[in-house]
K.L.:
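One structure, pasted below without further comment.
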Amino acid sequence: FLGRCFSYPEEEFYRLMADGRTGEQLRAMVEGLPFAVNFTGIPAPSLPQEELESEYISSFDIGSGPSLPCPLYESAYREDTSSRDITEELLRFYEHFNVKLSDKEKDYPDHLVVELEFMAYLAKKEADAVMRGSDPAPYRLAQVDFLDRHLEKWVSKLDERIQKRIKEPFYRGASSFLRECLSNHLPYLRKSVGHQAAGGVTG
């Protein structure tokens, strides 16, 4: 869901978020999470769809490097490592779990949406293991590792920039929820696997 929030706002998703019932469905979904999240809601888009599309492009897509108000790429926020190293490590993560990127995503493995979809994939594998009565620990460990090495390294910086530079309340609310969700998901996962530091599927 969070990945869709930060994807190009197509008509179907726009209608979903403009529907007043969606807020209650989101709240019920959050209440069903196995960890606490301070969810204050995500406002419906304040702009008509065409204007929201333009807002998305100008906020996240136009230009390059520092000319982007809020780039959705991990490499734009990491000063501790190079873009090449980030890309190579991400590709090792994806390949380790046989995740094949689309032709479009191959060029942007560090895009927020790609990273969130990979987390959703790992969570689905974890849930499938529980349903089968198998050990879900490997998938939980992988999520800890991925959060530690990637999303936790830059999502808070992205949120700070979004809150300062973007006026659209939908994106500000989605960003706040993303930051809150990830910051609570990680300690839950660590506790569930009984350790305090990621072991590492890539190391």
K.L.:
Please evaluate residues F177 and T40 with respect to the criterion side-chain contact (heavy atoms from CB on, under 4.5 Å), reporting the C-alpha separation (whole Å), side-chain torsions for both, the decisive distance (0.1 Å), and the verdict.
P.N.:
CA-CA 8 Å; F177 177 46; T40 57; over 6 Å; no
K.L.:
Can you measure from CG (N98) to NE2 (H96) and round to the nearest 0.5 angstrom?
P.N.:
9.0 Å
K.L.:
Taking the side chain as every heavy atom from C-beta outward, state whether F6 and H111 have any atom pair closer than 4.5 Å.
P.N.:
no
K.L.:
What heavy-atom pair brings E168 and A44 nearest, and what distance separates the two atoms?
P.N.:
OE2-O, 4.2 Å
K.L.:
Quick check: do L182 and L147 have side-chain heavy atoms less than 4.5 Å from each other?
P.N.:
yes
K.L.:
Begin with the C-alpha distance, continue with both residues' side-chain angles, and end with the deciding distance and a verdict on salt bridge (charged side-chain N to carboxylate O under 4.0 Å, His left out) for R132 and D128.
P.N.:
CA-CA 6 Å; R132 294 193 308 268; D128 289 346; 5.0 Å; no
K.L.:
Rounded to the nearest 0.5 Å, how far does OH of Y8 lie from CG of L52?
P.N.:
9.0 Å
K.L.:
With a 3.5 Å distance limit and no angle check, can you tell me whether K157 reaches the backbone of Y77 through a side-chain donor-acceptor pair?
P.N.:
yes
K.L.:
Would you check, one step at a time, whether the test side-chain contact (heavy atoms from CB on, under 4.5 Å) holds for E117 with V99?
P.N.:
CA-CA 10 Å; E117 288 180 346; V99 172; over 6 Å; no
K.L.:
Looking at every non-hydrogen atom in both residues, tell me the closest pair between A174 and L2 and how far apart they are.
P.N.:
O-CD2, 4.0 Å
K.L.:
For residues P45 and E51, determine if any side-chain heavy atom of one lies less than 4.5 Å from a side-chain heavy atom of the other.
P.N.:
no
K.L.:
Keeping R140 on the side-chain end and V193 on the backbone end, is there a donor-acceptor pair under 3.5 Å?
P.N.:
no
K.L.:
Write down the atom of S75, the atom of I86, and the distance for their closest heavy-atom approach.
P.N.:
CA-CD1, 3.8 Å
K.L.:
Is there side-chain contact between F1 and I42, with heavy atoms separated by less than 4.5 Å?
P.N.:
yes
K.L.:
For a quick test of reading the model, state the closest non-hydrogen atom pair linking P69 to R165 and the distance between them.
P.N.:
O-NH1, 3.1 Å
K.L.:
Quick check on the hydrophobic clustering: are V130 and M119 connected, directly or via other members, by side-chain heavy-atom contacts under 4.5 Å?
P.N.:
no
K.L.:
Got a salt bridge between E31 and R27, using NZ or NE/NH1/NH2 to carboxylate O under 4.0 Å?
P.N.:
no
K.L.:
To the closest 0.5 Å, what do you measure between CD (E88) and OG (S82)?
P.N.:
7.5 Å
K.L.:
Please check if the side chain of E10 supplies one atom and the backbone of E12 the other of a donor-acceptor pair under 3.5 Å.
P.N.:
no
K.L.:
Run M17 and L26 through side-chain contact (heavy atoms from CB on, under 4.5 Å) and show every step you take.
P.N.:
CA-CA 10 Å; M17 295 311 301; L26 275 175; 4.3 Å; yes
K.L.:
Would the F118 and H150 ring centres measure less than 6.0 Å apart?
P.N.:
no
K.L.:
Got a second to check how far C181's SG is from L186's CG, nearest 0.5 Å?
P.N.:
11.5 Å
K.L.:
Do side-chain atoms of D159 reach the backbone of R179 as a donor and acceptor pair under 3.5 angstrom?
P.N.:
no
K.L.:
Are any non-hydrogen side-chain atoms of L112 and L178 less than 4.5 angstrom apart?
P.N.:
yes
K.L.:
Could you walk me through whether Y171 and C5 satisfy the side-chain contact (heavy atoms from CB on, under 4.5 Å) test, starting with their C-alpha distance in whole Å, then the side-chain angles of each, then the deciding distance to 0.1 Å, before giving a yes or no?
P.N.:
CA-CA 8 Å; Y171 289 121; C5 286; 5.9 Å; no
K.L.:
If I compare all heavy atoms of L158 with all of P71, which pair ends up nearest, and what's the gap?
P.N.:
CD1-O, 3.7 Å
K.L.:
Are the side chain of T87 and the backbone N or O of S83 linked by a donor-acceptor pair below 3.5 Å?
P.N.:
yes
K.L.:
With a 4.5 Å heavy-atom cut-off, do Y94 and V114 have their side chains touching?
P.N.:
yes
K.L.:
At their closest point, which heavy atom of K153 faces which heavy atom of D148, and how far apart are they?
P.N.:
CE-O, 3.2 Å
K.L.:
Output the distance between atom CD (Q49) and atom OG (S54), rounded to the nearest 0.5 Å.
P.N.:
10.5 Å
K.L.:
Looking only at atom types and distance, does a side-chain atom of S183 sit under 3.5 Å from a main-chain N or O of E180, one as donor and one as acceptor?
P.N.:
yes
K.L.:
Could you state the interatomic distance from CZ (F39) to CE (M29), rounded to the nearest 0.5 Å?
P.N.:
7.0 Å
K.L.:
Please check: side-chain N/O of E74 versus main-chain N/O of D110, any donor-acceptor pairing under 3.5 Å?
P.N.:
no
K.L.:
For residues Y139 and Y121, determine if any side-chain heavy atom of one lies less than 4.5 Å from a side-chain heavy atom of the other.
P.N.:
no
K.L.:
Treating S59 as the side-chain partner and Y56 as the backbone partner, does any N or O pair qualify as donor plus acceptor under 3.5 Å?
P.N.:
no
K.L.:
Any side-chain heavy atom of W154 within less than 4.5 Å of one from E115?
P.N.:
yes
